Novice: 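Structure provided below as structure tokens; questions to follow.
Nothing here was measured: the structure is a model prediction, and the numbers come from that model.
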Amino acid sequence: MFELPIFPLNTVLFPGMQLPLHIFEARYKQMIGKCLESDKVFGVNLIKHGSEALGPLPEPFLIGCTARIIESQPLEEGRMQLTAIGERRFRIQELIGDQPYLVGSVEYQPFAVGQPEELGKDVEQLSPKVRQYINLLNQIETVDLDPDNLPQDPLMQGYLAAALLQMPPNEKQKLLESKSALELINSTNQVYSREIAFLRAVIERGKDQSKSPVSQN
């Protein structure tokens with residue numbers, strides 16, 4: 001186990017995914033400043049109870065993902081604009097209250113890969129759904145993703161698929177807490193079937209509304 005500064009947020013970070021952050025609170029300016037000085041990672045955990053900014057420190061979910069800063073831009077009054085990238089899943093074993101921000105005694109908890117062949121087969125079923133989902137999203141809003149350029153690594157594709165889903169953070173947290181890579185892929189696959197049907201309905205509803213006569217009153 002080791003100590004890790006924790007940044008509780010209303011978002012779920014997966015390994016390999018980028019996270020833009022605007023740092024403005026004194027406690028997090030201090031925390032991020034230390035990370036920048038020593039090139040250390042920090043933990044990103046979804047908030048379970050409490051608020052993201054200003055006020056008492058919130059209670060985080062125990063499973064999170066480490067984040068490494070890959071770009072930082074200083075702003076006025078010590079504020080910062082950051083881009084971090086998710087690296088490794090971890091579990092908080094104990095919260096340590098000796099800093100103005102959360103610090104956890106944590107241990108890494110990588111996804112169990114199991115049989116790579118089985119994982120690869122399940123990702124082959126997921127991939128066309130991810131491509132279809134991206135194409136549907138592009139009919140609603142522009143998504144800066146190429147559906148034909150998904151990660152080759154099965155687990156990385158699973159992370160991307162989970163991160164891409166437009167659903168509440170609590171549901172994404174369940175995916176991050178999957179017991180194995182296979183469970184993550186299978187659960188994500190099931191969610192995609194539901195979400196693709198939802199997006200199709202949204203798009204069709206929009207088409208129907210655009211065809212309806214406009215009142216002249």
Side-chain angles (χ1 to χ4, degrees), residues 1-21 23 25 27-28 30-32 34-36 38-53 56-70 82-116 118-119 122-123 151 153-165 167-191:
M1 290 194 294
F2 60 98
E3 291 187 8
L4 184 72
I6 304 295
F7 204 152
L9 295 169
N10 289 318
T11 191
V12 178
L13 180 64
F14 288 87
M17 302 299 109
Q18 290 192 12
L19 175 68
L21 289 171
I23 310 300
E25 282 193 79
R27 54 192 175 189
Y28 296 121
Q30 178 183 342
M31 185 189 86
I32 294 298
K34 289 184 177 180
C35 290
L36 287 169
S38 56
D39 191 31
K40 287 186 177 179
V41 298
F42 59 94
V44 173
N45 291 67
L46 179 66
I47 292 172
K48 189 173 186 178
H49 299 295
S51 58
E52 189 172 83
L57 290 170
E59 177 189 352
F61 282 89
L62 298 181
I63 299 291
C65 181
T66 61
R68 185 174 299 278
I69 300 167
I70 58 174
L82 305 177
T83 301
I85 188 165
E87 288 196 338
R88 302 176 68 179
R89 191 174 73 154
F90 68 88
R91 172 183 287 273
I92 298 174
Q93 300 297 330
E94 181 184 7
L95 288 172
I96 304 166
D98 59 351
Q99 296 289 344
Y101 48 85
L102 292 176
V103 177
S105 177
V106 311
E107 63 180 5
Y108 288 126
Q109 194 169 70
F111 286 95
V113 174
Q115 296 294 328
E118 187 176 0
L119 185 65
D122 285 358
V123 170
D153 180 81
L155 191 51
M156 287 305 299
Q157 191 172 147
Y159 295 150
L160 174 63
L164 183 62
L165 286 165
M167 64 183 194
N170 279 13
E171 292 189 39
K172 284 192 177 183
Q173 180 67 24
K174 293 177 183 177
L175 297 177
L176 184 65
E177 293 179 358
S178 300
K179 295 178 181 178
S180 66
L182 197 59
E183 182 179 307
L184 169 67
I185 300 299
N186 288 336
S187 298
T188 303
N189 206 339
Q190 293 174 17
V191 174

Novice: Is any side-chain heavy atom of C65 closer than 4.5 Å to a side-chain heavy atom of P15?
Specialist: yes
Novice: Do the non-hydrogen side-chain atoms of F14 and L176 ever get within less than 4.5 Å of each other?
Specialist: yes
Novice: Hey, does P60 have a side-chain heavy atom less than 4.5 Å from the side chain of L102?
Specialist: yes
Novice: Looking at E52 and N10, would you say the former's side chain and the latter's main chain have a donor-acceptor pair under 3.5 Å?
Specialist: yes
Novice: Kindly say whether E94 contributes a backbone atom to a donor-acceptor pair with the side chain of S105 at under 3.5 angstrom?
Specialist: no
Novice: Between E171 and V191, is any pair of side-chain heavy atoms under 4.5 Å apart?
Specialist: no
Novice: If only atom types and distance count, is the side chain of Q157 paired as donor or acceptor with the main-chain N or O of P151 below 3.5 Å?
Specialist: yes
Novice: Could you check N170 against L46 for side chain to side chain contact (heavy atoms under 4.5 Å, CB included), going step by step and ending with a plain yes or no?
Specialist: CA-CA 8 Å; N170 279 13; L46 179 66; 3.5 Å; yes
Novice: Does L36 form a side chain to side chain contact (heavy atoms under 4.5 Å, CB included) with I69? I'd like the steps, not just the answer.
Specialist: CA-CA 8 Å; L36 287 169; I69 300 167; 3.7 Å; yes
Novice: Would you give the length of the straight line joining atom CD of Q18 to atom OG1 of T83, rounded to the nearest 0.5 angstrom?
Specialist: 6.0 Å
Novice: Do F90 and N45 make a side-chain contact, defined as non-hydrogen atoms from C-beta onward lying under 4.5 Å apart?
Specialist: yes
Novice: Examine distances only and state if a side-chain atom of Q173 and a backbone atom of I63 form a donor-acceptor pair shorter than 3.5 Å.
Specialist: yes
Novice: So how far is it from L4 CG to M1 CE, rounded to the nearest 0.5 Å?
Specialist: 13.0 Å
Novice: Can you name the nearest heavy-atom pair linking F111 to S178, along with the distance?
Specialist: CE2-O, 3.5 Å
Novice: Short question: side chain of R89, backbone of Q109 - any donor-acceptor pair under 3.5 Å?
Specialist: yes
Novice: Considering all heavy atoms of both residues, which atom of L13 and which atom of A67 are nearest to each other, and what is their separation?
Specialist: CD2-CB, 3.8 Å
Novice: Can you tell me how far CZ of R68 sits from CD of E87, rounded to the nearest 0.5 angstrom?
Specialist: 4.5 Å
Novice: Going from NZ on K40 to CD on E3, what distance comes out if it is rounded to the nearest 0.5 angstrom?
Specialist: 9.0 Å
Novice: May I ask you to check if R88 and Y108 form a cation-pi contact, with NZ or CZ under 6.0 angstrom from the six-membered ring centre and within 45° of the axis?
Specialist: yes
Novice: Which heavy atom in C35 sits nearest to a heavy atom in V41, and how many Å separate them?
Specialist: SG-O, 4.0 Å
Novice: Mind running side chain to side chain contact (heavy atoms under 4.5 Å, CB included) on V106 and F2 for me, showing each step along the way?
Specialist: CA-CA 6 Å; V106 311; F2 60 98; 3.5 Å; yes
Novice: Would you name the heavy atoms of P58 and G50 that are closest together and state the gap between them?
Specialist: CB-CA, 4.0 Å
Novice: Return yes if some donor-acceptor pair links the side-chain N/O of R91 with the main-chain N/O of G64 below 3.5 Å, else return no.
Specialist: no
Novice: Check the orientation of Y28 and F7. Use parallel for under 30°, tilted for 30 to 60°, and perpendicular for over 60°.
Specialist: parallel
Novice: Is it true that a side-chain atom of K172 and a backbone atom of T11 form a donor plus acceptor pair closer than 3.5 Å?
Specialist: no
Novice: Does a side-chain heavy-atom distance below 4.5 Å link H49 with F61?
Specialist: no
Novice: Taking all non-hydrogen atoms of both residues into account, name the closest pair between L175 and L184 and its distance.
Specialist: O-CD1, 3.4 Å
Novice: Rounded to the nearest 0.5 Å, what separation is found between the OG atom of S187 and the CD atom of E177?
Specialist: 11.5 Å
Novice: Among residues at least two apart in sequence or on other chains, which ones pass side-chain hydrogen bond (donor to acceptor under 3.5 Å, both in side chains) with N186?
Specialist: none
Novice: Can you find a heavy atom in the side chain of I6 that is under 4.5 Å from one in the side chain of V103?
Specialist: no
Novice: Identify the heavy atoms of A181 and L155 that sit nearest to each other, and give their distance.
Specialist: CB-CD1, 3.6 Å
Novice: Say you draw a straight line from CG of D153 to CG of L160; how long is it, rounded to the nearest 0.5 Å?
Specialist: 11.5 Å
Novice: Does L19 form a side chain to side chain contact (heavy atoms under 4.5 Å, CB included) with I85? I'd like the steps, not just the answer.
Specialist: CA-CA 6 Å; L19 175 68; I85 188 165; over 6 Å; no
Novice: Side chains of L21 and L9: closer than 4.5 Å at any heavy-atom pair?
Specialist: yes
